[in-house]
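One structure is given below, encoded as structure tokens.
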Amino acid sequence: MENNLQARQARVDAAVALKEGDRVPFAPKFGYGAYVQAAGISMYEGLMELRNMKPGVEKILSQYDIDLYWGPAAYPSNVLEVLDSVAINWPSPDGRLSRNSGYQINDITYMDIDDYDEFLKDPSNFFMTKVYPRRHKKLKGLAKMNFQDVVEFGHYASMTAFADPEVREALITLMSAGEQAQKWVAAQGELAQKALELQTPLGCTLGQNAPYDMLADNLRGYINVPMDLFEVPDKVLAAIDFFTDLAVKNVRGLKEQGVHYVFMPLHGGTDIMMSNEDYEKFYWPSLYRVMEEIINQGMVPYVFLEGPYNTRLEILKQVLKGKVIYMFEQVDIAKAKKILGDTACICGNLPSADLIYGKKEDIIENTKRMLDVCAPGGGFMMDCSIVIDHYDEEKFSAWYETTLEYGKY
């Protein structure tokens, strides 16, 4: 098995630049579940302490010639537990989810449609006193805070809120959550270092959501925002403008942390969520602005197009050539190659479920077909449709070996 960091990185660089390297890069999206499985531990053990996944990371990266390391995109269970979060359910002994479950994200509305004006007037205050108390039970005391009174005696009188027991609990909770968050970040770094020791280039270690998704994920929810597009379109656009500025600022921070590939999961932009007309008005301009900033900062947008994305391909073509990776969950891959082949590197689409439930022979044939269609001319990496949280080793090996054998240039 090849074990050379520079060779693997050159292989990926060639694909991104729309050129042929020595072979098609093999870059499957391993998730925390795969590392937990390889380590032989429960989800709870892995997600409460990410360092427990290290044996799984070592096993997978030693067994296969992986061209990009995908770190476990795991929410910090230790932080969620401290906050008593309602936003996400996680495996825990208290029965919220079983010890071998993954995460369950709850689509909750943290901002009513009548709250747009208050949010737009002072977003930071709204998040601190409205959103955080609604997302996390232990932070309910923040709703009693007043961060806006800076006038003479009123400023000092507002300090009385800190004597409130619920406010005190919220502040202590934040400090405790901060300590746990530090441990979580440090563990991610240790896993990434292990990947480098095994001479595997780092893929997406950090990311940035699209501005539309920042609004839907964090405030209104994915049921409400599509209706808001018709009921309060100007306010939606104003909120998206705010999140665009925030995302651009975040991207510059990623550059300072040495990130090369910026993961961008597009949750709400699927074919079934909105028309192309609405996509080009509410979704694409802000997404493009953030992608543009990522490129300007010398990084690569690694864009995960979740759900069906067959009608957006001409829109996606508007980016700078050889600067973007588009990773598809569900697409006509031949059509995607035809339209985007001279513009962006493409990957994904092979059903991840096949790596558990599919037939070995079908996996081999589907892999060959993808290579026949997508490999010529470069600009293609072999990847699966969604993050791998479970896999059958025999079937995964068949996919891997077929890619290496038939993906040579």
Side-chain angles (χ1 to χ4, degrees), residues 75-76 79-80 82-90 103-149 158 161 164 166-167 169-171 173-174 177 181 207-251 264-270 272-274 278-279 281-287 289-290 306-307:
Y75 290 96
V79 179
L80 296 172
V82 169
L83 296 172
D84 197 6
S85 179
V86 300
I88 300 172
N89 296 331
W90 63 95
Y103 292 102
Q104 180 184 73
I105 300 176
N106 300 315
D107 189 32
I108 298 175
T109 299
Y110 302 107
M111 182 182 83
D112 293 332
I113 192 169
D114 295 333
D115 291 335
Y116 266 102
D117 289 338
E118 182 181 353
F119 164 71
L120 292 168
K121 183 179 180 180
D122 192 342
S124 295
N125 185 71
F126 190 87
F127 267 105
M128 185 65 73
T129 62
K130 298 290 177 66
V131 179
Y132 292 173
R134 294 168 183 172
R135 285 178 71 101
H136 311 296
K137 293 180 181 178
K138 290 290 185 67
L139 298 184
K140 62 182 180 180
L142 294 180
K144 299 179 178 181
M145 300 297 299
N146 180 0
F147 297 99
Q148 297 170 304
D149 193 342
S158 68
D164 186 285
E166 289 187 343
V167 174
E169 180 188 35
L171 296 176
T173 297
L174 284 171
Q208 173 59 56
N209 289 91
Y212 175 100
D213 293 326
M214 294 171 75
L215 171 63
D217 278 342
N218 299 290
L219 292 179
R220 290 290 289 142
Y222 279 96
I223 294 176
N224 292 316
V225 174
M227 294 186 288
D228 292 351
L229 302 187
F230 298 94
E231 296 184 37
V232 288
D234 292 341
K235 293 179 181 180
V236 171
L237 288 172
I240 288 174
D241 285 343
F242 164 76
F243 282 116
T244 302
D245 291 340
L246 182 59
V248 167
K249 180 181 178 181
N250 290 344
V251 163
M264 299 192 74
L266 307 188
H267 302 154
T270 69
I272 59 177
M273 291 295 285
M274 63 182 77
D278 284 338
Y279 187 87
K281 180 178 180 180
F282 294 99
Y283 204 98
W284 177 250
S286 56
L287 169 62
R289 173 70 186 91
V290 180
E306 298 183 11

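These numbers come from a predicted model, not from an experiment.
Looking at Met214, Lys249, Arg289 one by one, the single match for side chain to side chain contact (heavy atoms under 4.5 Å, CB included) with Thr244 turns out to be Arg289.
Remark: Lys130 does not engage Asp115 in a salt bridge, criterion side-chain N to carboxylate O under 4.0 Å. A salt bridge does not link Lys140 with Glu169: every distance from a Lys NZ or Arg NE/NH1/NH2 to an Asp or Glu carboxylate oxygen is 4.0 Å or more. Lys235 and Asp117 are joined by a salt bridge, as a carboxylate oxygen and a charged side-chain nitrogen come within less than 4.0 angstrom of each other.
Taken to the nearest 0.5 Å, the CD1 atom of Ile240 stands 12.5 Å off from the CG atom of Asp245. One finds the CG atom of Asn218 at 5.5 Å from the CZ atom of Arg135 (value rounded to the nearest 0.5 Å). Atom OG1 of Thr270 is separated from atom CD of Glu306 by 9.0 Å, given to the nearest 0.5 angstrom. For the atom pair CZ of Phe282 and CE of Met273, the computed distance is 13.5 Å after rounding to the nearest 0.5 Å. Remark: Leu237 CG to Asp228 CG distance equals 11.0 Å, nearest 0.5 Å. From Ile108, atom CD1 reaches atom CG of Leu219 across 13.0 Å, with rounding to the nearest 0.5 Å.
Of all heavy-atom pairs between Asp213 and Pro265, the closest is OD2-O, 3.7 Å. The shortest heavy-atom contact between Ala181 and Val79 is N-CG2, 3.5 Å. Of all non-hydrogen atoms in Val167 and Gly141, the two that sit nearest each other are CG2-O, 3.3 Å. Smallest separation of non-hydrogen atoms from Pro285 and Tyr279: CD-O, 4.1 Å. For Pro226 against Ile223, the heavy-atom pair with the smallest separation is CD-O, 3.6 Å. Of all the heavy atoms in Ala170 and Leu139, the pair that sits closest is O-CD2, 3.6 Å.
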ask   = What's the verdict on side-chain contact (heavy atoms from CB on, under 4.5 Å) for Tyr132 and Phe127, showing C-alpha distance, side-chain angles and the deciding distance?
value = CA-CA 6 Å; Tyr132 292 173; Phe127 267 105; 4.1 Å; yes
ask   = Would Met264 and Leu287 satisfy side-chain contact (heavy atoms from CB on, under 4.5 Å), going step by step from the backbone distance to the final call?
value = CA-CA 9 Å; Met264 299 192 74; Leu287 169 62; 3.6 Å; yes
request  = Walk me through it: do Val131 and Phe126 pass the test side-chain contact (heavy atoms from CB on, under 4.5 Å)?
outcome  = CA-CA 7 Å; Val131 179; Phe126 190 87; 3.7 Å; yes
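You'll find the side chain of Asn125 stays beyond 4.5 Å of the side chain of Phe119, heavy atoms only. The shortest side-chain heavy-atom distance between Ile88 and Asn106 does not fall under the 4.5 Å cut-off. Taking the side chain as every heavy atom from C-beta outward, Lys144 and Glu166 approach each other to under 4.5 Å.
Remark: the backbone N or O of Tyr222 is paired with a side-chain donor or acceptor of Asp107 at under 3.5 angstrom.
Because its NZ or CZ atom is not both nearer than 6.0 Å to the ring centre of Tyr110 and within 45° of the ring axis, Arg220 does not count as a cation-pi partner of that residue.
No hydrogens or angles considered: a donor-acceptor pair under 3.5 Å links the side chains of Thr109 and Asn224. Side chains of His136 and Asp84: a donor-acceptor N/O pair is absent below 3.5 angstrom, by distance only.
Taking a 6.0 Å sphere around OH of Tyr103, one finds it holds more than 12 heavy atoms contributed by other residues, nucleotides or ligands.
Ring centroids of Phe243 and Tyr212 are separated by 6.0 Å or more, keeping the two rings apart.
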